[in-house]
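In what follows, a single structure is set out as structure tokens and then discussed.
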Amino acid sequence: MTQNIKDFVKKVAIKNPGEVEFIQAVQEVAENIIPFIDKNEKYQNKMLLERMVEPERVLIFRVPWVDDRGETNVNRGYRVEFNSAIGPYKGGLRFHPSVNLSILKFLGFEQVFKNSLTTLPMGGGKGGSDFNPKAKSDNEIMNFCQSFMLELSKHIGPNTDVPAGDIGVGAREIGYMFGQYKRIRNEFTGVLTGKGINWGGSLIRPEATGYGNVYFAQNMLEVHQESFSGKTVVISGSGNVAQYACEKATELGAKVVALSDSSGYIYDPAGIDSQKLKYVMHLKNVKRGRISEYAKEYNCVFKKGTPWVIACDIALPCATQNELNLDDAQTLVSNGCICVSEGANMPTTPDAIEFFINEKILFAPGKASNAGGVATSGLEMSQNSLRINWTREEVDSKLKEIMKNIHSSCVRYGKDKDFINYVKGANIAGFVKVADAMLDQGIV
Ligand code: NDP
């Protein structure tokens, strides 16, 4: 790292004490953007990166709610409205006990670059709460969502800020929050994405992040005349992103042998076929059970920890941040892994990313490879505005095209002789569009 990058990161760290994940995300971007600015006069002396690391607005609010025993609970709600240079703030809501300002600022910052890469007119934001949805009844989830939206509704709108789902926020939570927004505002608008299909949702939105990640990996593999066909794939997580990554990889002829959750991973050498995936979807989305139950059902291994010890050709981290470290990266590569495509946000630690790049592994950063979700949210917003519904095939083909274009943008800015540095490519391509808009709009 050069001295001016170190100085920049140090200043951000002093201004944002204790925000470890946010500093990590800023450093990863600064390492590519500061040298790029140094070579491009147009972006110099405008404090562009300094302005970009400062959210336009951060909202923090109290969320009181009553549980089934009649007891009062209180959680903290957040919305980080990071950057609106190219469109209304757009980004998910995460409900998880680990949620804090640092995590939401890292996610919001990443979202700015990701949304820019999609080529759609969406700014970046992120929000959520330290509420833990695990083991709560539907009624408790509804009470919480209604209280959360009572405050959030004052700050969002279809042309201002359009939240979506993330960890712990799926179709059920989006439904409760949309219902409450509609009641408060007396307005039926596309204020959230990930909506139910018969009340404004888009086909393929639930599948989009997982499918998009596999499409992106497919684009990377094609550069090397490779494909998913016949490959062994390891996936972490067993939520929304992991499930549909598993479905698409299998459809393309790969064998997915592992999935995980926060208690451990299952290893099924026979492969998780469509029948077994149906079981996983019911287990995680309806029963809200643990992945260990899969091992009992299909008589295979369940172990604590992460699944990166399993030999594979392709690894798709689809659970959470910093879930794949340097040891894991070394194990994956020594076991023959050739491609790592992030479905989750920032799942790979910085030293592991550096290792993959030095080893010339095909490595896709989440801000490029998981952008299919927000891109399809953008398509949901378009359909809402036009009051039309596209078919499954139409949305899927637009998604494929968007992922292909993101891949091309990464190649454009990340190609270095015989190697494509997708991290550098994604950071610079994401930066350019937002920076140009900020230059046009003056000092705001
Ligand atoms: P879900 O809540 O549907 O699933 C999350 C999965 O990750 C679950 O299997 C969960 O296990 C596991 N997990 C969560 N926290 C941890 C942890 N600390 N350690 C190990 N495993 C953990 O979320 P999504 O699938 O929607 O999101 C997964 C990732 O993808 C996140 O990083 C998210 O930001 C990112 N993403 C999601 C998008 C979307 O459209 N949904 C879009 C772009 C990125 P358990 O069941 O035990 O909690």
Side-chain angles (χ1 to χ4, degrees), residues 21 25 90-99 103-104 106-108 110-111 113-115 117-118 122 124 126-128 131-135 163-174 192-194 201-202 204-213 216 235-246 258-266 280-281 283-285 287-294 302 304-308 316-325 328 341-348 364-380 399 403:
E21 296 83 0
K90 180 93 199 84
L93 296 170
R94 177 176 291 191
F95 292 169
H96 193 273
S98 65
V99 162
I103 288 181
L104 294 179
F106 116 64
L107 289 164
E110 290 271 302
Q111 195 81 45
F113 294 81
K114 182 189 311 196
N115 293 3
L117 282 169
T118 66
M122 299 181 291
K126 200 84 188 188
F131 172 71
N132 185 0
K134 282 205 182 88
D166 191 76
I167 291 178
V169 179
R172 173 180 61 166
E173 293 74 18
I174 294 289
L192 291 162
T193 56
S202 173
I204 301 283
R205 177 59 191 93
E207 293 89 336
T209 309
Y211 279 18
N213 185 25
F216 193 92
I235 299 179
S236 64
S238 48
N240 173 267
V241 181
Q243 291 169 13
Y244 289 105
C246 179
L259 287 173
S260 70
D261 65 17
S262 52
S263 6
Y265 66 89
I266 56 105
V280 173
M281 288 180 170
L283 175 69
K284 297 306 278 187
N285 310 348
K287 246 181 94 186
R288 300 187 191 273
R290 310 306 300 155
I291 199 68
S292 52
E293 294 170 52
Y294 178 103
F302 168 77
K304 287 207 164 83
T306 50
W308 314 125
L316 305 176
C318 296
T320 193
Q321 64 273 1
N322 293 328
E323 54 160 323
L324 196 166
N325 63 26
D328 301 324
S341 192
E342 295 185 333
N345 286 309
M346 212 168 74
T348 314
K367 61 170 76 73
S369 48
N370 72 31
V374 73
T376 309
S377 279
L379 301 177
E380 183 174 329
L399 171 64
M403 298 316 294

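Whatever order the structure lists them in is the order used to number ligands and atoms, beginning at 1. Bear in mind the structure is a predicted one, so any value in this text is a computation, not a measurement.
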* Asked: atom 46 (O) of ligand 1: which protein heavy atom is closest, and how many Å away?
  -> Lys284 NZ, 3.3 Å

* To do: Side-chain contact test, heavy atoms from C-beta onward, threshold under 4.5 Å: evaluate it for Ile204 versus Leu399 and give yes or no.
  => yes

* Does any N/O atom on Arg94 come nearer than 3.5 Å to any N/O atom on ligand 1? -> yes

* Asked: Just going by heavy-atom distances, which of Gly165, Ala319, Gly212 is nearest to atom 29 (C) of ligand 1?
  -> Ala319

* Asked: Quick one: does Ser236 get a heavy atom under 4.0 Å from ligand 1?
  -> no

* Could an N or O of ligand 1 be found under 3.5 Å from any N or O of Asn370, whether backbone or side chain? -> no

* To do: Please say whether Gly168 places an N or O atom under 3.5 Å from an N or O atom belonging to ligand 1.
  => yes

* **Qualifying residue, where the test is salt bridge (Lys or Arg N to Asp or Glu O under 4.0 Å) with Glu293 and the options are Lys287, Lys284, Arg288** => Lys287

* Asked: Where is the nearest protein heavy atom to atom 19 (N) of ligand 1: which residue, which atom, and how far?
  -> Thr320 CG2, 3.7 Å

* Asked: Looking just at side-chain N and O atoms, do Asp261 and Ser238 make a donor-acceptor pair shorter than 3.5 Å?
  -> no

* Do the non-hydrogen side-chain atoms of Arg94 and Thr320 ever get within less than 4.5 Å of each other? -> yes

* How far is atom 34 (O) of ligand 1 from its nearest protein heavy atom, and which residue and atom name does that atom have? -> Asp166 OD1, 2.6 Å

* Structure fact -> The closest protein heavy-atom partner of atom 41 (N) of ligand 1 is Asn240 OD1, 3.6 Å

* Going by distance only, is there an N or O of Gln321 that falls short of 3.5 Å from an N or O of ligand 1? -> no

* Indicate whether any N or O donor in one side chain lies under 3.5 Å from an N or O acceptor in the other, for Ser236 and Glu323. => yes

* Structure fact -> min-distance protein heavy atom vs atom 9 (O) of ligand 1 -> Ser238 N, 2.9 Å

* Asked: Between Asn345 and ligand 1, does any nitrogen or oxygen pair lie at a separation below 3.5 Å?
  -> yes

* Determine, using heavy atoms of Gly170 and all atoms of ligand 1, whether some pair is separated by less than 4.0 Å. => no

* To do: Write out the residue and atom name of the closest protein heavy atom to atom 6 (C) of ligand 1, then the distance separating them to 0.1 Å.
  => Gly239 N, 4.0 Å

* Val241-ligand 1 polar pair, N/O distance under 3.5 Å -> yes

* Return a yes/no value for Thr209: is any of its N or O atoms, backbone included, closer than 3.5 angstrom to an N or O of ligand 1? => yes

* Asked: Do any heavy atoms of Ala242 fall under 4.0 Å from ligand 1?
  -> no

* Structure fact -> Looking only at protein heavy atoms, what sits closest to atom 45 (P) of ligand 1 is Ser262 OG, 3.6 Å

* Passing option when Pro317 is tested against Leu324, Asn213, Val241 for side chain to side chain contact (heavy atoms under 4.5 Å, CB included) -> Leu324

* Tell me, please: is Met346 in heavy-atom contact with ligand 1, that is, under 4.0 Å? => no

